[in-house]
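To keep things clear, I will list the structure first and then write my remarks on it.
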Protein chains: 2
Amino acid sequence: MVTKQFSGSSEDADLRRADSLAREIFSDVANKWALLIIESLGERTLRFSELRNEVEGVSHKMLAQNLRMLERNGLVERTVHPVVPPRVEYTLTEPGQALRVTIDGLCDWTHRYLGHIETSRHRFDA
Amino acid sequence: MVTKQFSGSSEDADLRRADSLAREIFSDVANKWALLIIESLGERTLRFSELRNEVEGVSHKMLAQNLRMLERNGLVERTVHPVVPPRVEYTLTEPGQALRVTIDGLCDWTHRYLGHIETSRHRFDA
DNA sequence: CTGGATCCTGCCCGATACTG
DNA sequence: CAGTATCGGGCAGGATCCAG
């Protein structure tokens with residue numbers, strides 16, 4: 001075994017670690033529910049139950065799971081009001097807002113090419 | 001049973017159909033492999049086996065599956081050269097290129113906030 | 001109302017083998 | 001080389017129940 005690192009230097013290791021982290025984040029973010037949640041939040045502050053209504057078709061479990069994930073990554077901020085019944089509010093952080101901008105781009109793209117895609121599908125299915 | 005439509009007019013039906021189509025497209029596109037494939041393609045033209053090497057970690061099956069899906073939606077163009085062994089090349093269409101631009105934004109975002117996210121995770125995990 | 005924990009089902013996806 | 005079909009294990013995700 002070698003004491004020194006392989007191809008050389010800890011910079012390579014750092015780069016590899018950053019890459020794997022980027023991949024991880026990419027996997028977290030590139031999922032339907034996360035994107036829809038962020039898009040629904042926009043610049044508003046919403047409660048859990050409100051989000052449940054906003055994000056069409058999301059289950060209780062998926063919403064909770066993704067919100068925790070987004071909170072962990074620092075994309076949403078979770079504030080608990082010590083009242084009964086409990087009131088918990090979610091809002092996008094600055095990184096979250098930045099991400100939302102790119103998601104807006106994705107939505108724009110979807111609507112712009114809706115027609116192209118529909119006809120392309122029809123042709124393909126024949 | 002009613003002969004007339006519910007809330008009225010076929011425009012509502014059109015809107016609902018467009019929405020469901022948009023959701024469908026969103027689900028197709030908001031998936032890790034599709035995004036990575038599009039990003040890898042960029043403005044190049046690549047063969048199946050080349051894509052297999054480019055997109056780190058993708059399986060034969062997932063690559064074929066996603067390529068068919070992208071082709072169906074008209075985001076990639078598939079050209080078969082009638083030689084042996086067969087040579088099949090993939091390239092982004094104009095809608096595909098447009099989508100790639102927004103994905104680039106996503107990648108930029110990822111790298112810009114890599115640090116934020118890492119520290120946020122660390123704090124959260126405590 | 002928020003959000004865990006648990007069970008259970010269906011499907012995703014990897015491995016493999018087979019055609020052109 | 002490119003692509004499809006099949007099988008099987010594992011995990012995603014819905015339903016439900018409970019706790020604070």
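Just so it is clear: chains get the letters A, B, ... in the order the sequence lines come, proteins before strands, and each one is counted from 1.
A:Met69 and A:Asp28 make their closest contact through CE-O, 3.4 Å (heavy atoms, listed as atom of the first residue, atom of the second, distance). Closest approach of B:Glu50 and B:Arg47 over heavy atoms only: OE1-N, 2.7 Å. Shortest non-hydrogen contact noted between B:Thr119 and B:His116 is OG1-O, 2.8 Å.
Contact check of residues 41-50 of chain A against DNA chain D (heavy atom, cut-off under 4.0 Å) returns no residues at all.
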Side chains of residues 32-42 of chain A: which donor-acceptor partners sit under 3.5 Å, not counting sequence neighbours?
{"residue": "A:Lys32", "atom": "NZ", "partner": "B:Ser27", "partner atom": "OG", "Å": "3.3"}
{"residue": "A:Ser40", "atom": "OG", "partner": "A:Leu36", "partner atom": "O", "Å": "3.1"}

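When only modelled atom types and interatomic distance are considered, B:Asn31 and B:Asn66 share a side-chain donor-acceptor pair under 3.5 Å. When only modelled atom types and interatomic distance are considered, A:Glu94 and B:Tyr113 share a side-chain donor-acceptor pair under 3.5 Å.
Pairs of residues two or more places apart, or lying in two chains, that qualify as ring pair (Phe, Tyr, Trp, His ring centres under 6.0 Å) and include a residue from residues 53-72 of chain A are A:Phe48-A:His60.
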Q: Between protein and nucleotides 9-20 of chain C, map the contacts as a letter string: B base, S sugar-phosphate only, - none, heavy atoms under 4.0 Å, written 5' to 3'.
A: ----BBB----B

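Residue A:Tyr90 has no polar side-chain atom (N or O) positioned under 4.0 Å from OP1 or OP2 of C:dC1.
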(Q) Apply side-chain contact (heavy atoms from CB on, under 4.5 Å) to residues A:Leu67 and A:Leu63 and explain how you reach the verdict. (A) CA-CA 6 Å; A:Leu67 280 175; A:Leu63 183 56; 3.9 Å; yes

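Residues B:Arg44 and B:Thr91 are not in side-chain contact: their nearest non-hydrogen atoms beyond the backbone lie 4.5 Å or more apart. Counting only heavy atoms from C-beta outward, the side chains of A:Arg100 and A:Leu92 approach each other to under 4.5 Å. Residues B:Leu99 and B:Thr102 are in side-chain contact: their nearest non-hydrogen atoms beyond the backbone lie under 4.5 Å apart.
Side-chain heavy atoms closer than 4.5 Å link hydrophobic residues (I, L, V, M, F, W, Y) into clusters, and following such links, even through other members, never connects B:Ile103 to A:Val101.
Whole-Å rounding puts the A:Leu70 CG to C:dG3 P distance at 13 Å. Atom CZ of A:Arg78 is separated from atom C1' of C:dC1 by 12 Å (rounded to the nearest Å). Per the geometry, CZ belonging to A:Arg87 stands 12 Å off C1' belonging to C:dT2, to the nearest Å.
Note on the helix from C:dC1-D:dG20 to C:dG20-D:dC1: angle between the axes of the first and last five pairs equals 40°, rounded to 10 degrees.
Protein chain A contacts DNA chain D from D:dG13 to D:dG20, reading 5' to 3' and using non-hydrogen atoms of the protein with a distance under 4.0 Å.
One distance of note links CG of B:Leu15 with CG of B:Asp19; it measures 7.0 Å at 0.5 Å rounding.
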